[in-house]
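A quick note: this is a predicted structure, and the numbers were derived from the prediction, not measured. In listed order, ligands and their atoms are each counted from 1. One-based numbering along the sequence shown.
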Amino acid sequence: MHAALLAPSLLAGDHAHLAASAAAAATAGAPWLHLDLMDGAFVPNLTFGPETLAALRRAGCQLFFDTHLMLAEPDRYLEAFARAGANLITVHVEPPGDRHATLSRIRELGCQTGLALNPGTPAAAAVPFLEQVDLVLVMTVQPGFGGQPFRRDMLPKLRELDAWRAARGLRFRLEVDGGIDLATAAECRAAGADTFVAGTSFYRAPDQAAFAGAVARL
Ligand code: DX5
Ligand code: ZN
């Protein structure tokens, strides 16, 4: 079983001072930084782009960039995100296109591969890709906005993916994103998750280092 890992979501940081918000994640001891890229098409919101990742790198951020592409046409932007400093690129399974090819391209670009499932998408949709991914992201809210309540009905999906992972002897990480705090993270951990995205709960935590430590001990 993978050690529990925290990925603070910069979406909940201070957008006028993103480098400072990224630095806060590092100072708290979080190993990853989760970056939410939205295009106003796959999801009804906009965030930032590859230039933001590059600027964070230039500002000295060395965290592992866990890049979550909520894009209708992810293939158009893979190279830009890889070049900007992404370490892992997660694409959604839902948009039309050849996702096997998308994942191969991410690997060719030297990044780890992730596949994300919206709440309405069954675990079975990930099965054809399980040998090709380093991470499966189970959305525990409808993507687009931070601060939404955790969807407990996603726990069976986690258990299903965890069981398939064990049955096939695979090593992909199982990540949850949306409404994650220490209580919901513990529920997800019990269902097989090992990688925890936290936006609102991390950035609003009175003691971010204690929050990161508590996740690491899950
Ligand atoms: C939602 C994003 C999340 C978001 C989570 O579409 O994918 O990463 O930042 O925010 P919280 O943790 O506040 O639910
Ligand atoms: Zn996300």
Starting from atom 11 (P) of ligand 1, what is the nearest protein heavy atom, named by residue and atom, and what distance separates them?
Gly147 N, 3.6 Å

Minimum non-hydrogen distance to atom 2 (C) of ligand 1, winning option of Thr90, Asp36, Thr47:
Asp36

With a heavy-atom distance limit of 4.0 Å, tell me whether Phe202 approaches ligand 1 through its side chain, its backbone, both, or neither.
neither

Are Asp177 and Ser9 linked by a side-chain donor-acceptor pair shorter than 3.5 Å?
no

Taking 4.0 angstrom as the limit and counting only heavy atoms of Met38, give me the atoms of ligand 1 inside it, by number and element.
6 (O)

Would you call Asp39-Arg76 a salt bridge at under 4.0 Å N-O?
no

Per-atom contacts, ligand 1 versus Gly146 - under 4.0 Å to a heavy atom
10 (O), 13 (O)

Sub-4.5 Å side-chain heavy-atom contact between Gln132 and Thr113:
no

Output the list of atoms in ligand 1 that are nearer than 4.0 Å to some heavy atom of His34, sorted by atom number.
8 (O)

Taking only heavy atoms of Pro143, which atoms of ligand 1 are found under 4.0 Å from at least one of them?
6 (O)

Here the atoms of ligand 1 under 4.0 Å from any heavy atom belonging to Gly178 are 14 (O)

Nearest 0.5 Å please: distance from the CD atom of Gln112 over to the OG1 atom of Thr90.
9.5 Å

Region of Ser9 engaging ligand 1 - heavy atom pairs below 4.0 Å:
side chain

Val197 neighbourhood, listing ligand 1 atoms whose heavy-atom distance to it stays under 4.0 Å
8 (O)

Distance to the ring centre below 6.0 angstrom and angle to the axis at most 45 degrees; does that hold for Arg189 and Phe196?
no

What is the closest protein heavy atom to atom 12 (O) of ligand 1, and at what distance does it sit?
Gly199 N, 2.8 Å

Please report which non-hydrogen protein atom sits nearest to atom 13 (O) of ligand 1, along with the residue it belongs to and the distance in Å to one decimal place.
Thr200 OG1, 2.4 Å

So, at under 2.8 Å, which protein N, O or S atoms would a careful student list around the Zn ion (ligand 2)?
His34 NE2, Asp36 OD1, His68 ND1, Asp177 OD2

Tell me, please: is Ser201 in heavy-atom contact with ligand 1, that is, under 4.0 Å?
no

Any Pro143 side-chain heavy atom under 4.5 Å of Met38 side chain:
no

Any idea how His68 and His34 line up, ring-wise: parallel (<30°), tilted (30 to 60°), or perpendicular (>60°)?
tilted

Which protein heavy atom lies closest to atom 5 (C) of ligand 1, and at what distance to 0.1 Å?
Asp177 OD1, 3.5 Å

Taking only non-hydrogen atoms of Met139, do any sit less than 4.0 angstrom from ligand 1?
yes

Number the atoms of ligand 1 from 1 as they appear, then name those within less than 4.0 Å of a heavy atom of His68, with their elements.
7 (O)

Suppose I only count heavy atoms of Gly144 and a 4.0 Å limit; which atoms of ligand 1 are within that range?
1 (C), 6 (O)

Mind checking the CD-CZ spacing from Glu51 to Arg58? Nearest 0.5 Å is all I need.
4.5 Å

Can you find a non-hydrogen atom of Gly179 under 4.0 Å from ligand 1?
yes

Minimum-distance protein heavy atom relative to atom 1 (C) of ligand 1
Phe145 O, 3.7 Å

Would you say the side chain of Asp75 lies within less than 4.5 Å of the side chain of Thr102, judging by non-hydrogen atoms?
yes

Take a 6.0 Å sphere around CD of Gln142 and say whether it holds more than 12 heavy atoms from other residues, nucleotides or ligands.
yes

dist Trp32:CH2 -> Leu5:CG (nearest 0.5 Å) comes out at 5.5 Å

Does His15 have more than 12 heavy atoms from other residues, nucleotides or ligands lying within 6.0 Å of its NE2?
yes

Does Arg204 CZ have over 12 foreign heavy atoms under 6.0 Å away?
no

Approximate separation, where rounding is to 0.5 Å, of Leu53 CG and Leu35 CG
4.5 Å

Quick one: pull up CD1 in Ile180 and CZ in Phe202 and give me the separation to the nearest 0.5 Å.
15.0 Å

